[in-house]
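Remarks on the structure that follows.
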Amino acid sequence: MKIAVLGTGFAGRTMAAALAKLGHEVVIGTRDPHATLARQDTDTMGTPPFAKWRTQHVDVALAAYPDAAAAAELVINLTNGMGSLDALAAAGTRNLAGKILMDIANPLDPSQGFPPSLNPVNTDSLGEQIQQAFPEAKVVKTLNTMNAGLMVNPGRVGGGDHSVFVSGNDADAKKAVTSLLQSLGHQDIIDLGDITTARGPEMMLPVWIRLWGALGTPDFNFKIVR
Ligand code: NAP
């Protein structure tokens, strides 16, 4: 499948590499490909410059948001949650219309210091805001409750025996996303309901962030026991 992964950070790169390895035709979307390739700094989380990563992943293309989205059958949002609506607007309403839009972003607002707060929260979610802004896209919120390494390789912890959620209004889109999740190794995929149910997984982030601090590693996940 032709897949656009919007986002050049650790999560976008990890997802793009895994999907390319599964045989998909993957392009990463960014605001400005020249600027992205020209960056030379390792970021505060230790993520190396994109150009360095790219030398080891020549099978993944790089394009501006609209070009990446236009050519794709499936679009994945892995942009910073505070910039996701802008990134998707840049990708273009027409380029998203009728397509599955897997939203993995978290609306974490760092402006008031650590820990970041959620915005929107409680009575709204980023997933819903994206669906509202792009009504012809089939938004499915998923995978935002775990580290990118686990998104693409759930077997890294607990033999893969842990849970992932899907939220969205379109049953067929959720079915397609479920099958993509299974191809990545996910076993326990829980359909929470329509896109308003994205509020729950987004509001798991404050717990996730504190668990990261308490456990000293991002390699853990939630398991819904029933
Ligand atoms: P990030 O630093 O949060 O996001 C980087 C991407 O966001 C870049 O592609 C950047 O564009 C884009 N971006 C930032 N501000 C923008 C704006 N105003 N307009 C358009 N694009 C903008 O990287 P990340 O850590 O990989 O996380 C990406 C998303 O995945 C986040 O929403 C995060 O919450 C979610 N997530 C991450 C993980 C993880 O393990 N890291 C786990 C779960 C969920 P350029 O390419 O142009 O610089």
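Whatever order the structure lists ligands and atoms in, that order sets their numbers, starting from 1. The basis for the numbers below is simple: all heavy atoms, side chains too, and nothing from hydrogens, waters or symmetry mates.
- The residue among Leu108, Leu126, Thr44, Asn80 with a heavy atom at the shortest distance from atom 4 (O) of ligand 1 is Asn80.
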- Task: Starting from the C-alpha separation in whole Å, work towards a yes-or-no answer on salt bridge (Lys or Arg N to Asp or Glu O under 4.0 Å) for Asp188 and Lys223.
- Result: CA-CA 9 Å; Asp188 185 28; Lys223 175 180 171 176; over 6 Å; no
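- Looking only at protein heavy atoms, the nearest one to atom 19 (N) of ligand 1 is Gly83 O, 3.6 Å.
- A heavy-atom distance below 4.5 Å is not found between the side chains of Trp53 and Thr47.
- Which parts of ligand 1 touch Ala87 is read off a 4.0 Å heavy-atom cut-off, strictly below it: atoms 20 (C), 21 (N).
- Side-chain N/O atoms of Asn77 and Asp103 include a donor and acceptor closer than 3.5 Å.
- In terms of N/O distances under 3.5 Å, ligand 1 is approached by Phe10.
- Counting only non-hydrogen atoms, the option in Thr145, Leu143, Asn106, Thr36 that gets closest to atom 34 (O) of ligand 1 is Asn106.
- For atom 27 (O) of ligand 1, the closest non-hydrogen atom of the protein is Ala11 CB, 4.1 Å.
- A 4.5 Å side-chain heavy-atom check between Val152 and Leu19 finds every atom pair outside the cut-off.
- Heavy atoms of Leu78 found under 4.0 angstrom from ligand 1 belong to the backbone as well as the side chain.
- Looking only at protein heavy atoms, the nearest one to atom 8 (C) of ligand 1 is Thr8 OG1, 3.5 Å.
- Residue contact check: Gly7 has heavy atoms under 4.0 Å from atoms 9 (O) of ligand 1.
- Leu192 places a side-chain heavy atom less than 4.5 Å from the side chain of Ser167.
- Distances from ligand 1 to the non-hydrogen atoms of Met45 include no value under 4.0 Å.
- Here is the list of ligand 1 atoms found below 4.0 Å of a heavy atom in Asn147: 40 (O).
- Closest protein heavy atom to atom 48 (O) of ligand 1: Arg39 NH2, 2.9 Å.
- For Met146, the closest heavy-atom approach to ligand 1 falls below 4.0 Å.
- Distances from atom 35 (C) of ligand 1 to the heavy atoms of Thr30, Ile104, Asp86 put Ile104 nearest.
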- side-chain contact (heavy atoms from CB on, under 4.5 Å) assessment of Asp109 paired with Leu118: CA-CA 6 Å; Asp109 177 358; Leu118 285 166; over 6 Å; no
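- The side-chain heavy atoms of Met146 and His186, taken from C-beta on, include a pair separated by under 4.5 Å.
- Judged by distance alone, the side chains of Glu128 and Ser125 do bring a donor and an acceptor atom under 3.5 Å apart.
- Scanning the protein for heavy atoms near atom 29 (C) of ligand 1, the closest one is Thr79 O, 3.3 Å.
- For Phe222 and Trp208, the ring centers sit 6.0 Å or farther from each other.
- Side chains of Thr8 and Thr36: no donor on one and acceptor on the other come within 3.5 Å.
- Contact annotation: the side chain of Lys141 approaches that of Leu126 to within less than 4.5 Å [non-hydrogen atoms, C-beta and beyond].
- Among protein heavy atoms, atom 21 (N) of ligand 1 sits closest to Tyr65 OH, 2.9 Å.
- Checked by atom type, the side-chain pair Gln129/Asp124 shows a donor-acceptor distance below 3.5 Å.
- Closest protein heavy atom to atom 10 (C) of ligand 1: Arg31 NH2, 3.7 Å.
- Note on ligand 1: Glu202 sits outside its first shell, no heavy atom being nearer than 4.0 Å.
- Under the 4.0 angstrom criterion for non-hydrogen atoms, Phe50 is not in contact with ligand 1.
- The single protein non-hydrogen atom nearest to atom 40 (O) of ligand 1 is Ala148 N, 2.9 Å, given as residue, atom name and distance.
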